[in-house]
Asks: 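I'd like to ask some things about the structure below.
Letters A, B, ... mirror the listed sequences (proteins, then strands); counts begin at 1. Just the heavy atoms: all of them, side chains too, but no hydrogens, waters or symmetry mates, feed the values below.
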Number of protein chains: 2
Amino acid sequence: MTADQSHHRAELSLGDWQAQLRAKGYRLTPQRELVLKVVQQLGHATPDEVLAAVREESQAVNQSTVYRTLELLEELGLVRHAHLTDRAPTYHSTTNPTHAHLVCRECGRVSELPADALDPLTGLLKTDHGFEPDLGHLTIFGHCAGCA
Amino acid sequence: MTADQSHHRAELSLGDWQAQLRAKGYRLTPQRELVLKVVQQLGHATPDEVLAAVREESQAVNQSTVYRTLELLEELGLVRHAHLTDRAPTYHSTTNPTHAHLVCRECGRVSELPADALDPLTGLLKTDHGFEPDLGHLTIFGHCAGCA
DNA sequence: GTTAATGCAAAAACTTTGCAAACCT
DNA sequence: AGGTTTGCAAAGTTTTTGCATTAAC
């Protein structure tokens, strides 16, 4: 197994993230824990949905804090965002392996495509264009089997 | 040559579009001609940039009209949009063959990837997931050769 | 003359910012 | 205590909408 094979795993183990936070001079707050928790629970969620979920969790958290926290969590590699619609971005936890998204324009269904499945694409882009794709951000629109 | 090989060409020949417009009950207006012209000239442009360019062309066109016109032109298959940043979409003419976009996060450079180059991906998605991707809307973020 | 398209202005959707108060370490 | 984070409210950015007027057919 080459070192390169590790590129599909989550970037931080869960136990580490609080230490990582502090190592960068950041502080651990209830808001940050909560936002991370709801993103993990919701799967794919817009900032707006994260806000709503956080508020149902019985604590009031401000809108700005949600935006600022999502940005921070993304910097730490704990969450990622993708554009599943032409509107607001959706965030998801990185505890699942890196994946691209397939979105059906007809039924709106979103499915996850493991990064492994895209290895041929990665190879092609690297070889022919010297380009290193960020598959975790990739969203492919089209029509799914049911809506063909 | 199979019929399928034609899927990379522009959807409408330039001579036809005015007829297509009328066939759907739409009307040919100077604004629509102008917006289409500047999109063709600009290459990739946000609605805002289209508006600015249109206004330099010595005619005043309203913001709303630009949005409504881009939507219409896209419905007719004369333009397409892609998301080259996390902000506004960019529109481009379909007189060029269908292509995906490669965007470098470091230097911001955008390059076009012919749909042909993605045939392996298309095949894989179709075979393994029954999914028909819309490559003209696809944007792949990552790092280019120079910024590796 | 009809009906579609435009301009305008207001609102909607989404995100960011400045600053004082509150909280983490 | 000291510096980071939050809440709040206001403003910024981008897009949409309703309706009277204008223009295409």
Side-chain angles (χ1 to χ4, degrees), chain A residues 17-39 42 44-55 57-76 78-91, chain B residues 17-39 42 44-55 57-76 78-91:
Chain A
W17 76 273
Q18 305 187 348
Q20 285 275 350
L21 201 78
R22 294 203 176 87
K24 293 200 171 191
Y26 298 131
R27 291 175 182 180
L28 181 60
T29 67
Q31 288 92 334
R32 289 176 176 170
E33 292 187 286
L34 240 183
V35 168
L36 178 56
K37 194 179 95 184
V38 308
V39 169
L42 291 175
H44 295 105
T46 62
D48 213 50
E49 292 164 341
V50 171
L51 179 61
V54 159
R55 285 188 168 156
E57 285 283 329
S58 83
Q59 295 207 27
V61 173
N62 193 271
Q63 195 187 34
S64 327
T65 302
V66 169
Y67 280 103
R68 290 188 280 224
T69 302
L70 288 171
E71 188 181 2
L72 175 72
L73 295 177
E74 189 154 34
E75 181 195 330
L76 294 175
L78 295 165
V79 305
R80 296 236 44 195
H81 80 273
H83 300 272
L84 269 30
T85 68
D86 280 352
R87 305 196 142 269
T90 65
Y91 287 79
Chain B
W17 77 273
Q18 305 187 349
Q20 285 274 350
L21 200 78
R22 293 203 176 87
K24 294 200 170 190
Y26 298 133
R27 292 173 183 181
L28 181 61
T29 67
Q31 288 92 336
R32 289 175 176 173
E33 292 187 286
L34 239 183
V35 168
L36 178 55
K37 194 180 95 183
V38 308
V39 170
L42 292 176
H44 295 105
T46 62
D48 212 51
E49 291 164 341
V50 171
L51 179 61
V54 159
R55 285 188 167 153
E57 284 285 328
S58 83
Q59 294 207 28
V61 173
N62 193 272
Q63 195 187 34
S64 327
T65 302
V66 169
Y67 280 101
R68 290 189 279 226
T69 302
L70 289 171
E71 188 180 3
L72 175 73
L73 295 178
E74 188 154 34
E75 181 196 331
L76 294 175
L78 294 166
V79 305
R80 296 236 46 195
H81 81 272
H83 300 273
L84 268 30
T85 68
D86 280 353
R87 307 195 140 268
T90 65
Y91 287 79

Asks: Can you measure B/Glu75 atom CD to C/dA4 atom C1' for me and round it to whole angstrom units?
Replies: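 Computing the B/Glu75:CD to C/dA4:C1' distance gives 14 Å.
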Asks: What integer distance in Å separates B/His81:NE2 from D/dT14:P?
Replies: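 For the pair B/His81 NE2 and D/dT14 P, the rounded distance is 16 Å.
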Asks: Write down the distance between CG (B/Leu51) and C1' (D/dT13), rounded to a whole number of angstrom.
Replies: 14 Å
Asks: Using whole Å, report how far CG of B/Leu34 lies from P of C/dA5.
Replies: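 Taking atom P of C/dA5 as the reference, CG of B/Leu34 is at 17 Å.
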Asks: For residues A/Asp48 and A/Thr46, is any side-chain donor paired with an opposing acceptor at under 3.5 Å?
Replies: no
Asks: Please answer whether the main-chain N or O of A/His81 pairs with a side-chain N or O of A/Glu74 as donor and acceptor at a distance below 3.5 Å.
Replies: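 Side chain of A/Glu74 to backbone of A/His81: a pair is present.
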Asks: What's the shortest heavy-atom distance between A/Arg55 and A/Asn62, and which atoms?
Replies: NH2-CA, 4.3 Å
Asks: What heavy-atom pair brings A/Val50 and A/Ala45 nearest, and what distance separates the two atoms?
Replies: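 Heavy-atom minimum between the residues: CG2-CB, 3.9 Å.
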Asks: Starting at CG of A/Leu76 and ending at P of D/dT5, how long is that distance when rounded to a whole Å?
Replies: 11 Å
Asks: Are B/Gln31 and D/dA23 close enough that a side-chain N or O sits under 4.0 Å from OP1 or OP2?
Replies: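 No, because none of the side-chain N or O atoms of B/Gln31 sits under 4.0 Å from OP1 or OP2 of D/dA23.
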Asks: Can you tell me the distance, in whole Å, between the CG atom of B/Leu70 and the P atom of D/dT14?
Replies: 15 Å
Asks: D/dT15, C/dG7, C/dT15: which one has an atom nearest the side-chain heavy atoms of A/Ala88?
Replies: C/dT15
Asks: In whole Å, I'd like the distance from the CD atom of A/Glu33 to the C1' atom of D/dT5.
Replies: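 To the nearest whole Å, that distance equals 14 Å.
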Asks: Would you mind building the protein contact string for nucleotides 17-25 of chain C? One character per nucleotide, 5' to 3', B for base within reach (heavy atoms under 4.0 Å), S for sugar-phosphate only, - for untouched.
Replies: BB-----BS
Asks: For a quick test of reading the model, state the closest non-hydrogen atom pair linking A/Pro47 to A/Pro89 and the distance between them.
Replies: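 Between these two residues, the closest heavy atoms are CD-O, 3.4 Å.
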Asks: Does CD belonging to A/Glu71 count more than 12 external heavy atoms closer than 6.0 Å?
Replies: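 12 or below, so no.
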Asks: Figure out the OH/P separation between B/Tyr67 and D/dT13, and round it to whole Å.
Replies: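 In whole Å, D/dT13 P and B/Tyr67 OH are 13 Å from each other.
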Asks: In degrees rounded to 10°, what angle is found between the helical axes fit to the five outermost pairs at each end of the helix from C/dG1-D/dC25 to C/dT25-D/dA1?
Replies: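 Both end axes considered, the difference amounts to 30°.
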Asks: Rounded to the nearest 0.5 Å, what separation is found between the CZ atom of A/Arg32 and the CG atom of A/Leu76?
Replies: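 CG of A/Leu76 is found 8.5 Å from CZ of A/Arg32.
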Asks: Return whichever of B/Gln63 or B/Arg32 has its heavy-atom-nearest nucleotide of DNA chain C closer to the 5' end.
Replies: B/Arg32
Asks: Using every non-hydrogen atom in the two residues, find where B/Leu42 and B/Glu49 come nearest and quote the distance to one decimal.
Replies: CD1-O, 4.0 Å
Asks: If you measure from CG on A/Leu21 to OG1 on A/Thr29, what distance do you get to the nearest 0.5 Å?
Replies: 8.0 Å
